[in-house]
Amino acid sequence: MKQSADAGETSSHAWPFWVALAGGWSMIGFGIHGIVDRVGGRTNPFGLARLFIGLNVIHDAVVAPLVIVAGVVLGPVLPRRARPVVQGAVIVSAVVALYAYPLVRGYGRIAESPSVLPLNYGHGLAVVLAAIWAVALVIMAVRWAAARD
Amino acid sequence: MSRRSGLGFSSRLHDERVAATLGLGLGVTFGLCFVTGLISHAIQHPPSWFTWPPRPVNLYRVTQGIHVLSGIASIPLLLAKLWVVYPKLWTWPPARDVAHAIERITLVPLIGGGLFLVFTGVINIQYWYSPMPFFFPPAHHWAAWITIGALIVHVTAKGTATRRLLLSPAPVESAAPEGLSRRGFLGAVFAGSGALVLAVAGDTVAPLHRLAVLAPRSLEKGTQGLPVNRSAAQARVAPRALDPDYRLVVEGRVPSPLQLSLADLRAMPQHEAGLPISCVEGWSAAAHWRGVPVRDLLGRAGVTGRPQLRVVSLETDNLYAVSEVNSEQVGDRDLLLALELNGEPLHLDHGFPVRLIGPARPGVAQTKWVGKVIVL
C-alpha cells in the first residue's frame, strides 16, 4: 500500500531517536513503577490499566469508525456549498457536547454541596451550540454573498 | 488529482501537514499540563529540595488554571489528531524495521495515556468519579510520566519531518472543495478548543465569568459569595466545629503550648488579606479574609524563627484533613488563621470557627475547621 511508504518518510531513526527512546522509556518505566508500587496507595493497577487500554480500544474500534460512517452518510446529503461550514460546525458542536455530557447528565452532583456544579448545564450547552451555529450561518451568508459578486 | 479513500470527510484531511500542525498544538498543551502538573504535585508532596514560595499570591491560581484549561483545550486537538492519523493504524506491513516497530509500539502508551489523562482530568473536575476505580491524583500523575515519556520518543522521531512540513509553503488546495479544506478543518478544531476554553475559563478568570456556562463552578454561587468545595454537611464536622468548648491547640515543638477559645482568638490583633481560593480543579475566586496571623500565634507560644507547621482539621474522615506549611510561608504576614470572610464571621461551610488561609497555596491545603497547629 502506498500509505506505508508515506508513513515511513516522516519518521527519523537517527541517533537522537535512540537517546530519546532510552529517556522516554525510562519515564514510562518510572510511571509504571509508581502505579504498581502504590506508595501513595489506591492506584488500583488493574483498574487503571483497563481504562488506559480501554480508552485506546474504544477510540480505535468504536469512535473513529463511527465518525467516519457519520461523515460518509452525512457528507453527500448536505448541499455542496454549505458542506464545509456545516462540517466545521459539526466538529465544534461535537467536542463541546462531548465535554458537556457528564455535566448535563449531572453525574457529579452532590446534594450536600450545592456550589459544586451549580449551573443548568443543559441550558449552557444549548447556548454554546446556538452561538456555534449562529457563527456558522454568518460564515455561510458571507460566502454566499462573496460567491454572487 | 483527487485521492479517493471513501472516507466521509475528504481524504486530503488525513494529511501529514494537518497531523503536524495538530501535533505542534498538542505538544504545547501537553507540555504546559506536564510542567504545571508537576508543580502542583511538588507543592502537595514537596521533595527536600523544593520550596514553593508564598509570593506572588496568585501563583498557584495561574499555574493550575493553565493546567486545567490546557487540558480542556487538548480535547479537540487530540481527537482530531487521532482521526487524521487513523488510516495509519491499518498500514500493512505494520512496521518496516525494528526502529519503526519500536516507534509504533510506543504509540500505545502515547495514545492510551493521552486519552486517559484528558478523560480522567475532565471527569475529575466534573466530579464524575464512577468510571475511575482508583484514586485520581496518583493515577493521573503516574500516567502523565508514561504519556510524556512516550511523547518524547514520538516528538524525536517526528520532529525533523514536522519542522520541514510546517516551514515549507502550503500546497494550493483545489478551488472547489468537496468539503472542508485543510485550513477549514484546522480552523474548526482550534475553534473547538477556543469555544471550550471560553465556556469554562470564567471560573478562574473573573472578567469572563458570564461566559462560563459549562464551568463546574460559578464565582457567584456559594456561601458568602464564594464557592465551597467541601461543605460542612459533607464533612460531618458541625458538632465539633460548633462546640462552645472549642479550643485551638498549638503544640509540638513549642516552649509554651496554647489552648485558645474563639474569644481568645478574636481578642488578638487581627490582620486583613485579599487572597484567592485556588482549587486544584482549576477554579479560583478572590476573597477578603481577616484573622490572626500565624506568625503572631507562634510568637505567643514562644516560638522563634520559622518552623514548618502541620495544620490539622476537626474533620476526621478525609485524606486532606491535614496540611503542611513550609517555613517561607510561615514567615509571610498574610498566612492567617481566618475568623472572617468578606466582612462577615466565617460561615461553617468555609471553616468556622477558624480556617487556614495563605498566599499561593492550593485550595485543598487551605485547611478548614482547624483544631490543631503542630510545630514541627
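Keep in mind that this is a model prediction, so the values were computed, not measured. Order of the sequence lines fixes the chain letters, A, B, ..., with proteins taken first and strands second; residue numbering starts at 1 for each chain.
- Contact annotation for B:L319: only side-chain heavy atoms (C-beta onward) come within less than 4.5 Å of a heavy atom of chain A.
- Heavy-atom pairs under 4.5 Å with chain A were tallied for B:L226, B:V108, B:V189; the largest tally goes to B:V108.
- At a threshold of 4.0 Å, the pair A:E112-B:R230 does not count as salt-bridged, since none of the basic side-chain nitrogens sits closer than that to a carboxylate oxygen.
- Within the 3.5 Å criterion, the main-chain N or O of A:G75 finds a donor-acceptor partner in the side chain of A:R83.
- Annotation: salt bridge (Lys or Arg N to Asp or Glu O under 4.0 Å) contacts of A:R109 (sequence neighbours excluded): none.
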Please evaluate residues B:S168 and B:R17 with respect to the criterion side chain to side chain donor-acceptor pair (under 3.5 Å), reporting the C-alpha separation (whole Å), side-chain torsions for both, the decisive distance (0.1 Å), and the verdict. CA-CA 10 Å; B:S168 63; B:R17 178 184 287 271; 3.0 Å; yes
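- Counting only N and O atoms by type, the side chains of B:W145 and B:T147 include no donor and acceptor under 3.5 Å apart.
- Between the A:R105 side chain and the A:A100 main chain, no donor and acceptor come within less than 3.5 Å of each other.
- Of the two parts of A:P114, neither the backbone nor the side chain holds a non-hydrogen atom closer than 4.5 Å to a non-hydrogen atom of chain B.
- The contact between B:V200 and chain A is made entirely by side chain atoms (from C-beta outward), counting heavy-atom distances below 4.5 Å.
- Counting only distance, with no hydrogens or angles, the side chain of A:S115 and the backbone of B:P227 share no donor-acceptor pair below 3.5 Å.
- In terms of heavy-atom pairs under 4.5 Å with chain A, the best-connected choice from B:A233, B:A20, B:A99 is B:A99.
- At distances below 3.5 Å, not a single donor-acceptor pair connects side-chain atoms of B:E281 with backbone N or O atoms of B:I125.
- Interface remark: A:R81 contributes no atoms to any contact with chain B (heavy atom separation under 4.5 Å).
- Counting heavy-atom pairs closer than 4.5 Å to chain A, the top-ranked of the candidates B:A139, B:S130, B:G113 is B:G113.
- Contacts between B:L214 and chain A at a heavy-atom distance below 4.5 Å involve backbone atoms as well as side-chain atoms.
- Looking at B:H154 and B:E103, their side chains never bring a donor and an acceptor atom within 3.5 Å of each other.
- In this structure, the portion of B:A212 lying under 4.5 Å from any heavy atom of chain A is its backbone and not its side chain.
- With a threshold of 4.5 angstrom between heavy atoms, B:V228 approaches chain A through its backbone and through its side chain.
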Check the pair B:F134, B:F116 against ring pair (Phe, Tyr, Trp, His ring centres under 6.0 Å), reporting the backbone distance first and the verdict last. CA-CA 13 Å; B:F134 42 76; B:F116 180 90; 5.7 Å; yes
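- Side-chain atoms of A:Y121 never come within 3.5 Å of backbone atoms of B:V213 as a donor-acceptor pair (strictly under, hydrogens ignored).
- Contacts of A:V96 with chain B are made by both backbone and side-chain atoms, with heavy-atom separations under 4.5 Å.
- Near-neighbour residues of residues 139-147 of chain A relative to chain B, defined by a heavy atom under 4.5 Å from a heavy atom of that chain, are none.
- Interface remark: B:A199 contributes side-chain atoms only to the contact with chain A (heavy atom separation under 4.5 Å).
- The part of B:L89 that comes within reach of chain A is its side chain, from C-beta onward, which places non-hydrogen atoms under 4.5 angstrom from that chain.
- Both the backbone and the side chain of B:T106 come within contact range of chain A, with heavy atoms under 4.5 Å apart.
- Within the 4.5 angstrom heavy-atom criterion, no atom of B:R104 approaches chain A.
- Proximity to chain B is limited to the side chain of A:I110, based on heavy atoms less than 4.5 angstrom apart.
- Ranking B:G192, B:G112, B:A188, B:A95 against chain A, the residue ahead of the rest is B:G112, based on heavy-atom pairs under 4.5 Å.
- Of the atoms belonging to B:I148, heavy atoms from both backbone and side chain fall under 4.5 Å from chain A.
- The closest donor-acceptor contact from the side chain of B:D203 to the backbone of B:A215 lies at 3.5 Å or more, if one exists at all.
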Check your understanding: B:F185 and B:W83: ring pair (Phe, Tyr, Trp, His ring centres under 6.0 Å), yes or no, with the steps?
Key -> CA-CA 12 Å; B:F185 175 72; B:W83 180 81; 5.5 Å; yes
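- For A:L74, no part lies under 4.5 angstrom from a heavy atom of chain B.
- Ring centroids of A:H33 and B:W142 are separated by 6.0 Å or more, keeping the two rings apart.
- Counting heavy-atom pairs under 4.5 Å between each of B:P94, B:P109, B:P131, B:G222 and chain A puts B:P109 at the top.
- In this structure, chain B has heavy atoms under 4.5 Å from both the backbone and the side chain of A:L103.
- Both the backbone and the side chain of B:S218 come within less than 4.5 Å of a heavy atom in chain A.
- Within 6.0 Å of the NE2 atom in A:H123, the count of heavy atoms belonging to other residues, nucleotides or ligands does not exceed 12.
- Using a cutoff of 4.0 Å between basic side-chain nitrogens and carboxylate oxygens, B:E16 and B:R164 are not scored as salt-bridged.
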